[in-house]
Amino acid sequence: MKQTFALISTYSSDQFGICSALYELGGMVIIHDASGCNSTYTTHDEPRWYDMDSMVYISALSRNETILGRDSKLIEDILDTAGKYRPKFVAIVGAPVPYMIGTDYKAIAKLVEDKLGIPGFGFDSNGMQYYTRGMRDALKAVAERFAVERTESGEETGKEPIKVNLLGVTPLDFGMTGAVGSLKKWLAEHGMVCNSCYAMGCDIDEIAKAGNADISLVVSYGGTGAAKVLKERFGIPYVYGIPMNASEIAEKIGDRGGADGSKDIVIIGEQVYSLSLAEALKNLGIKARVLCQLDRVRDSKVNEEKIEFIYTPEEDDVIKETKEADLVIADPLYGPICGAGKLIELPHMAFSGRMFENDIPNLIGDGEQIYNRIMKEVKRSDEQKPTPGFAGET
Amino acid sequence: MLKIAVYGKGGIGKSTTTSNLAAAFAKLGKKVIQIGCDPKADSTMNLLKGKPVSPVMNYYRDNDREPESLDEISKEGYGGVVCIETGGPTPGLGCAGRGIITTFTLLEDLELFETCKPDVVLYDVLGDVVCGGFAAPIREGYAEKVLIVTSGEKMALYAANNICTAVRNFADRGYAKVRGLILNRRNVDNEYEKVKAFADEKGLEIVADIPRCQDINDWEDKGMTVIEGNPELPISKIYLDLAKKLLSEDGQSY
């Protein structure tokens, strides 16, 4: 049956991708829906909820407000609350009911912005799309709105580290594993520095700095929108991938007799993460395919190692693929369709929420191919820049 | 790019007016897109010699997936006008307004404007601004001007008044503005005076005065606009003059 999930869980929705992406940026996020959605988000998909304050609200949309199209109540509530707390921005996040009546979130955001002088965003999410899309739209919006032109900070010596934007980092894909710290450490070990991280361990000022980078590293589908904006606005090139050390996973594969590369292995998960893992396993002599049910990047640069990639949103197709595979690397909630002994658990918060949050590994490390890709792209970008003083010389 | 939404009471002649206007723009050398926003899906019929384009909602119904190219949901008609119809849900079920918004989102995803690079986009919208979906064509990014088709009949003017009120309610949202009225005559007594009085009360201009004309019906029977059928007719000249006026206001030459 199409678009039906009878055995496995479903991924987090677009609304929560937006909330997760904006969580640390000091804005006020309002999910426009009947009460209930916020507890799903805070209970299952937002591990920062109890440790870090963030202004995430629900509008508590009622039946009459829906039928009558009474946007005024929402607008008044936002003006009242945002006027009081003065957030860095206001984001109105769509949900199924207002989606069905065609609520114009962007118009409401504009109205709020005009009245309060606080930047406003309206997101056409509807709870029927994946978190990947919500994250993409949210990070794209803040890049469009807040990122500013490159600012030079004094004399350049020519030995400055390469400044890298990390795009698409949220707990939904990386958990609370310390991945941001590891990514920054990896950059430092390779003579680079994190310029701006969209959007963990980051505030709105750091978002604004993104125009200063030499390159963007897109670490999930959620970072693709911002990457394109930063390229268009500031000419910052981008590459895809996560530097990964797959030895922990390879060991588990070895325990199942697959270390010699003889097993048919399929990785299920977010596209950039899964391809990066497959690439890291390939470096260890283990071949794996990738299956993705989520939004996927269609740019060939996302898969430079030409890993076998299957996209399908359908559960029936996943059952077929996992049946054919010898080993499946996936979230534990894929267990019911994998068959006994096949599953190597790799918890993914966007799929199983906080159920296995303590078991999410931090695989950041190695990643020589990623480094090479960055250097190649930076070099190409530098070659395309006009040389100062060259014009007119013979 | 000139983007216009055409509203008016049901049966007042919106589709006839819109498709003649589209044909007039095309006749003046402009690249035109006409999007019918009505479940009846008959807006563009007279640009297509009676061979209609399959509506977007039909595509969803028949294929249970999104179309991947514009070719699957559009057809080129007279003068290269790109014709698209939103269509609607199964009668009596679903939500037609939501269908319009879904169509617009799809057209954005398929990069309609980037691909066709139109000079003029016309939205022909069902009757009144009855719900959020039917206001979609006047949202920011879509039409910038609204033309209201009306006759001197009481109910047509009543609908025109409702449309004016709805559009003005959206003033602080950055939506389209009412550009003016198109008087599509039904030969009621003192018709011009009645419409002029309404226009004056609302501070609007009557941008065209279209007489009741048998030529329109005759060419419609052949699946054509009068512009295609005979651009030299006096009635064709009225549509061409309106097209020229709107292009001039938009700073476009012809």
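By convention in this document, chain letters (A, B, ...) are assigned in the order of the sequence lines, proteins followed by strands, and residues within each chain are numbered from 1. Values below: every heavy atom of this structure, side chains too, minus hydrogens, waters and symmetry copies.
- In this structure, B:Arg139 contributes its side chain and A:Lys106 its backbone to no donor-acceptor pair below 3.5 Å.
- Atom CZ of B:Arg173 sits about 5.0 Å away from atom CD1 of A:Ile108, to the nearest 0.5 Å.
- Contact of B:Cys131 with chain A is not made at all, since no heavy-atom distance falls under 4.5 Å.
- The number of heavy-atom neighbours closer than 6.0 Å to NZ of A:Lys115, taken from other residues, nucleotides and ligands shown, is 12 or below.
- The number of heavy atoms from other shown groups lying within 6.0 Å of CD (B:Glu68) does not exceed 12.
- Atom NZ of A:Lys88 has 12 or fewer neighbouring heavy atoms from other residues, nucleotides or ligands inside a 6.0 Å radius.
- Counting heavy atoms of neighbouring residues, nucleotides and ligands inside a 6.0 Å radius, atom OH of A:Tyr311 exceeds 12 of them.
- The shortest distance between side-chain heavy atoms of B:Phe170 and A:Asp104 does not fall below 4.5 Å.
- The minimum heavy-atom distance linking A:Asp114 with B:Asp172 is given by the pair OD2-O, 4.2 Å.
- The part of B:Thr102 that comes within reach of chain A is its side chain, from C-beta onward, which places non-hydrogen atoms under 4.5 angstrom from that chain.
- Within a 6.0 Å radius of NZ in A:Lys140, no more than 12 heavy atoms belonging to other residues, nucleotides or ligands are found.
- Closest of all the heavy-atom pairs between B:Glu140 and A:Lys110 is OE1-CD, 3.6 Å.
- The neighbour count for A:Lys228 NZ, taken as heavy atoms of other residues, nucleotides or ligands under 6.0 Å away, does not exceed 12.
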